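Computed from a predicted model, the values in this text were never measured in an experiment. A, B, ... follow the sequence lines: proteins, then strands. Residue 1 opens every chain.
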2 protein chains.
Amino acid sequence: MNPSSRSVGVKDVAARAGVSLGTVSNVLNRPDRVSEPTRVKVETAMRELGFVRNESARQLRAGHSRVVAYVVLDAANPFFTDVAQGVELSAGLADLWLFICNSSNNADRERAYLDLLQQQRVQGILITPVDPDAEHLRDVVGRGTPLVVVDRTQQGLDLCSVAVDDVLGGRLAVEHLIDRGHTQVAFIGGPLSIGQVRDRWQGAQEAWSDAGLPAESLHLISTAALTVVEGRGAGERLAGLPKRRRPTAAFCANDLLALGLLQQTIGSGRLVPEDLAIVGYDDIEFASAAAVPLTSVRQPRQELGRTATELVIDEATNPKHVHTQVTFTPELVARTSTLG
Amino acid sequence: MNPSSRSVGVKDVAARAGVSLGTVSNVLNRPDRVSEPTRVKVETAMRELGFVRNESARQLRAGHSRVVAYVVLDAANPFFTDVAQGVELSAGLADLWLFICNSSNNADRERAYLDLLQQQRVQGILITPVDPDAEHLRDVVGRGTPLVVVDRTQQGLDLCSVAVDDVLGGRLAVEHLIDRGHTQVAFIGGPLSIGQVRDRWQGAQEAWSDAGLPAESLHLISTAALTVVEGRGAGERLAGLPKRRRPTAAFCANDLLALGLLQQTIGSGRLVPEDLAIVGYDDIEFASAAAVPLTSVRQPRQELGRTATELVIDEATNPKHVHTQVTFTPELVARTSTLG
DNA sequence: ATCGCCAGTTGAAACCTTTCAAAGATGCAA
DNA sequence: TTGCATCTTTGAAAGGTTTCAACTGGCGAT
């Protein structure tokens, strides 16, 4: 094909095809303006030389990029990949391609990715940030790269964001448990420094006190992370409580915790939901596929991604763009783990 | 910061700092060659103007990029995100950043991403391709972008690849079941057009005939995809078999299938492993966290990513690079789902 | 004084593409 | 035959950075 030569450029293609440089560019960008025979000649030359358009040069001149990036907190969490799927979908409609970057919940990595993406002049950045109030998020927008915060509510109005009402989600979960007759409930989640956990806990408390139940019968079991392993640990702690104070139901701040709790509970010979009812959060695919299908609070994940993309595109292309905060409503999906 | 101005370049920074353009570039690329006071002046100017280096221009001139890309088959499959973690790790050591692209098992999308990445002149491409024999993979290398195939063995020697010995993996799984005394076993997986599935099935057959067992007591239950849902369906089909021909153990081509099968089996009141022993493949995190912890064939996922990255970097930087095919050895992790 | 050396600094050239005004070709009507 | 309109092609300029050979000024050695 093109074994040793350093690099094939439009110039080479033009020479080979016996046309001018501008014509090659026209074939690339406005093929309709080029006569059929010329176009064929040029395309043949490209194929023969193994020409690959240099995107850096293109972008430098044309000024705009064809990619959006989504910086996720944890690529291994199915929740984020589902959101990403929504992003891909609507990015595709606008002829944009998606790059996924993984900050691994690390502020330094997040920052480095943001720098790189700004330097690449991507069309826009979607991000689920480690800390939604961090200064550098605002800097990005200030320097001209559109940015939308995903899955975190924004305090200020100076940034676009899409999120789900986590307080309401917490409410739904606990109201459901109250409806099922539970009067001793555990909230399992943490650390509380995570915004989502805080909000879901708050919603749980609100539902509890609205029902006139005593605050001390809603137990906070705090975990170090939102993982399966931590869920199992929480199960052990629950089992260790004296019987009369032991909750008959648990609301977990996400599905990974709930799955761990479920496993520990079944594994130690107790029954779900007879001995312990469980509600998760996120409704990831593994929730319905669990040994006991999990009741969970569903977030419109794809929609989240879709909307975030639309916002970022608007910010990139619409000069009259105004920063918008969109909040979606979660929905309780009741399954065996609370219904018996 | 930098509200209306079109775009801040090195030139603006130079003017503001009262130095030449070349000095600004030196601050950016060889800070040691610049005197302390000058450096500070320039850095201050950058901050004040909100300067963001234009990566397109940088790359155009410098000729090389700072990113590698990993094109995965399915971003929602934990297996791939685990591999990606390995990639991130060793890419970081070489000062490279990772972009993850999702082909969604779609050949057209895969192609489009490959084109885009070549045009971007990324340092290298890792890919788990839809079809490892596709012509366009070789084209990429022919045109000068290093590329490594991940998790598929390569026939030809004209491409780098890292993979795990899937025939051996299939062997290990079935030998384990034979050791546990099973004489009626089902292989669940499909479609067989997927290389991995074919290899695992082959390994299973080899182990079976090596043990002198009759071919007809190793049942092939073929699925349309490697998903939880298909696993549940397979469970129903198993249950429908007449009792005397019904397998007492199942080897699933991946963990998602195994989890679905596990769920269906437990859900219909049968016991694992007493009524049905189950072996999965991949050993994703959810395998050990399942209601009945799953025996599974573990692949060195992180190592896969790590090695692939090293190969792609070698191909990018070492002029004497020779294409290498690395094969790892899988390992059986026995858990409750076969041990009781 | 002069020389040579060195650290620090300079600015033009190069990287490869796209854009656009202008030139060239073609066809048709007058 | 000329003029005009339409369609195609041309080539120079521009875009922001890095590189590199050349330059500057200061300093110690001669």
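- Partners of R16(B) by salt bridge (charged side-chain N to carboxylate O under 4.0 Å, His left out), not counting sequence neighbours, listed by chain and number: E48(B).
- Atom pair R66(A):CZ and dT17(C):P shows a separation of 13 Å (rounding to whole Å applied).
- Scanning for side-chain contact (heavy atoms from CB on, under 4.5 Å) contacts around A107(B) gives an empty result, with sequence neighbours left out.
- For residues 22-31 of chain A, there are no salt bridge (Lys or Arg N to Asp or Glu O under 4.0 Å) pairs, not counting sequence neighbours.
- Atom CD in E55(B) sits roughly 12 Å away from atom C1' in dT18(D) (whole-Å rounding).
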Distances under 3.5 Å between protein N/O atoms and the N/O atoms of nucleotides 12-16 of chain C, please, pair by pair.
{"unit_1": "dA14(C)", "atom_1": "N3", "unit_2": "R61(B)", "atom_2": "NH1", "d": "3.3"}

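- Residues meeting the salt bridge (charged side-chain N to carboxylate O under 4.0 Å, His left out) test with E55(B), sequence neighbours left out: R58(B), R66(B).
- A163(A) meets the side-chain contact (heavy atoms from CB on, under 4.5 Å) test with T153(A); sequence neighbours excluded.
- At a non-hydrogen distance threshold of 4.0 Å, S25(B), L28(B), N29(B), R30(B) from residues 23-39 of chain B come into contact with DNA chain D.
- For E310(A), the side-chain contact (heavy atoms from CB on, under 4.5 Å) partners two or more places apart in sequence, or in a different chain, are R306(A).
- Every residue two or more places apart in sequence or in another chain that forms a side-chain contact (heavy atoms from CB on, under 4.5 Å) with D158(B) is listed here: R138(B).
- Helix bend of the helix from dA1(C)-dT30(D) to dA30(C)-dT1(D): the angle between its two end axes, each built from five pairs, comes to 60° after rounding to 10°.
- Contacts of E135(A) classified as salt bridge (charged side-chain N to carboxylate O under 4.0 Å, His left out), with partners at least two apart in sequence or in another chain: none.
- Scored by the ring-ring contact (aromatic ring centres under 6.0 Å, His included) test, H64(B) finds no partners at all (sequence neighbours excluded).
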With side-chain hydrogen bond (donor to acceptor under 3.5 Å, both in side chains) as the criterion, how do Y70(B) and T309(B) come out once you've worked through the C-alpha distance, each side chain's angles and the decisive distance to 0.1 Å? CA-CA 10 Å; Y70(B) 180 21; T309(B) 310; over 6 Å; no
